[in-house]
Protein chains: 2
Amino acid sequence: MNIQPPVDINGLKQACRNCSLYDLCLPLGMAEDDLALLEKIINRRRPIQRNDHLYRPGDRMISIFAVRSGSVKTYTLTDDGQEQITGFHLPGELLGLDAISDGMHPCAARALETTSVCEIPFDRLEDLSARIPGLQRQLFRIMSREIQNDELFMMLLGKKSSEERLAAFMLSLSARFKQRGFSPTEFNLTMSRNDIANYLGLAVETVSRLFTRFDNAGIISVRRKLISIDDMDGLRRVAGLLRTPGEDGILDNLG
Amino acid sequence: MNIQPPVDINGLKQACRNCSLYDLCLPLGMAEDDLALLEKIINRRRPIQRNDHLYRPGDRMISIFAVRSGSVKTYTLTDDGQEQITGFHLPGELLGLDAISDGMHPCAARALETTSVCEIPFDRLEDLSARIPGLQRQLFRIMSREIQNDELFMMLLGKKSSEERLAAFMLSLSARFKQRGFSPTEFNLTMSRNDIANYLGLAVETVSRLFTRFDNAGIISVRRKLISIDDMDGLRRVAGLLRTPGEDGILDNLG
DNA sequence: CGTATGATTGACATATTTCAAGGTCTGTGG
DNA sequence: CCACAGACCTTGAAATATGTCAATCATACG
């Protein structure tokens, strides 16, 4: 099990410059020469399998990771051992930034499907970013963006109904798939209903009921893991992102 | 209104080295010489009054701020204009980190009492942190810590009951007051019940009821804004941070 | 195929919100 | 210095969104 086939060393190089995620990921805004320096410290790792952990709570933080393909969930454990999912991560997104302050991962990262990641040793990244202004700037930006997203999510959990939460979640996935060149209207959920419920602070049953409700309302079509968004504006309206004068709660009069 | 009395220029210098917040704030871990450089770019601002805004959503982000004394709340606005408080900030804490990615404040910061802050022009801070490794490192740490705290808070909103939320909030305040040399068991709340409820994703009435419940249970004494924690372990137990074999929900049998 | 896991659906329970009323502080202006 | 207005807080009763429990169904997988 620990015996690994040899890795293609050439494949490890030139990661970023040819990577389709270029403008979503760390290298954004860096000069060509600097990029070469960054590439030198990045390791492309062997793909990990569904349910494999990238790291667990308490693990020493050696590297941060960038999702290359696949998807990952991160979660913390409550005092009584149940998990709270803190995020679902798509290609181009960075994992482990929450571990910098303590040098230790406060949460776990687990693959939702076969997933490949780039591994970036953090001490070397830190050195490099002191020498490459564009890199430092991008790191600050990415961390800032994450804080901003967290604030948005607090609003979701603090103020929004279950309907609004699920709709907003679908829209977020849709937008992120679009950014990555996938269809924004038809995609597969890689996480279970349980994961979605956990993430959104709801019960599984509630999520399930909402899906059928959205489906009946003609807003999305749900076929197990396959989602297609049939009425984007309808979904936005449900999420509370589109003002509809004279009518609120369009699902009220539907099954 | 725009006419300002002259500012004591000497007071603006030497901010950090004599500051009691040294080890909670940005300068932590920096060499003496480097600190001098940092101090040069920091402006101590005239105190702002209760309810004054430090910035509002959409404002261009020129500087980030460090709370020097007093307290500040930050909040975003929902699509329909109500506020969602994203944090209460005590001396030594940094404000505006969520604005780096867009160069624009996504939220507002408003003083809860007379408050003084240090203003740190961000472009100069960025330059400086490329030249001072200790500063860059501390900035990464602080941002990472914020992401980590946000994750903890997601757990609070997603998984915890109203009782647990309020108890955890009181404990968080207590710990932060202690860090700053104030009493961890007796303190004044600078925010209203409304603010607390908003922050914790609850109704004001719920918070009010919980306070009287905690009080009746002998865990804390509430006298308007003045809180004293009478049974710290009891509070931890309610927050779900202390395992009590054979008994859960100690408040169940109390008014 | 049959079994296990995840998803759906229904009926019921309940924590928390909402609505409504009354109480209490605090600062202001007479 | 007192009285008053307005904001803030507390309390009760009723409403409701969501959770919990339980059963069934579909799918995937060995």
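Excluded from the calculations below are hydrogen atoms, water molecules and symmetry mates; all remaining heavy atoms, backbone and side chain alike, are included.
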What integer distance in Å separates [X]:[atom1] from [N]:[atom2]?
{"X": "B:Glu205", "N": "C:dG23", "atom1": "CD", "atom2": "P", "value": "17 Å"}
{"X": "B:Glu113", "N": "C:dT26", "atom1": "CD", "atom2": "C1'", "value": "17 Å"}
{"X": "B:Glu163", "N": "C:dT17", "atom1": "CD", "atom2": "P", "value": "13 Å"}
{"X": "A:Ile196", "N": "C:dA7", "atom1": "CD1", "atom2": "C1'", "value": "11 Å"}
{"X": "A:Asn194", "N": "D:dT27", "atom1": "CG", "atom2": "C1'", "value": "16 Å"}
{"X": "B:Phe214", "N": "D:dT10", "atom1": "CZ", "atom2": "C1'", "value": "16 Å"}
{"X": "B:Leu189", "N": "D:dC8", "atom1": "CG", "atom2": "P", "value": "15 Å"}
{"X": "A:Leu210", "N": "C:dG10", "atom1": "CG", "atom2": "P", "value": "14 Å"}

Completion exercise
Assign each of A:Arg223 and B:Phe211 the nucleotide of DNA chain D bearing its closest heavy atom; nearer the 5' end lies the nucleotide of B:Phe211
Practice task
Would you mind telling me which residue lines up with the more 5' stretch of DNA chain D, A:Lys160 or A:Arg224, judged by nearest nucleotide?
Solution key: A:Lys160
Problem - Ring geometry between B:Phe187 and B:Phe177 (parallel below 30°, tilted from 30 to 60°, perpendicular above 60°) - result: tilted
Practice task
Over 60° means perpendicular and under 30° means parallel, so classify the ring planes of A:Phe169 and A:Phe88, tilted if in between.
Solution key: tilted
Handout entry: Sugar-phosphate, base or nothing in reach of B:Ser162, heavy atoms under 4.0 Å
Key = sugar-phosphate
Problem - Sugar-phosphate, base or nothing in reach of B:Ser208, heavy atoms under 4.0 Å - result: base
Handout entry: Ring-face cation contact, A:Tyr75 with A:Lys73, 6.0 Å cut, 45° max
Key = yes
Exercise for the section: For this output row, return yes or no: ring centroids of B:Phe153 and B:Tyr199 closer than 6.0 angstrom. Expected result: yes
Practice task
Please check the phosphate of D:dC9 (OP1 and OP2 only) for any side-chain N or O of B:Lys225 closer than 4.0 Å.
Solution key: yes
Exercise for the section: Tell me whether the OP1 or OP2 atom of D:dA17 has a side-chain N or O from A:Ser161 closer than 4.0 Å. Expected result: no
Problem - Donor-acceptor pair between A:Ser71 and A:Thr190 side chains, under 3.5 angstrom - result: yes
Practice task
Would you check if there is a donor-acceptor pair between the side chains of B:Gln84 and B:Thr76 at a distance under 3.5 Å?
Solution key: no
Handout entry: Side-chain ion pair, A:Arg56 and A:Asp59, N-O less than 4.0 Å
Key = no
Problem - A:Thr206, nearest nucleotide to its side chain (from D:dG19, C:dT16, C:dA7) - result: D:dG19
Handout entry: Out of C:dG10, D:dG19, D:dT27, whichever nucleotide has its closest atom nearest the side chain of A:Arg209
Key = C:dG10
Practice task
Take the C1' atoms of the five end pairs on each side of the helix from C:dC1-D:dG30 to C:dG30-D:dC1, derive the two axes, and give their angle rounded to 10 degrees.
Solution key: 40°
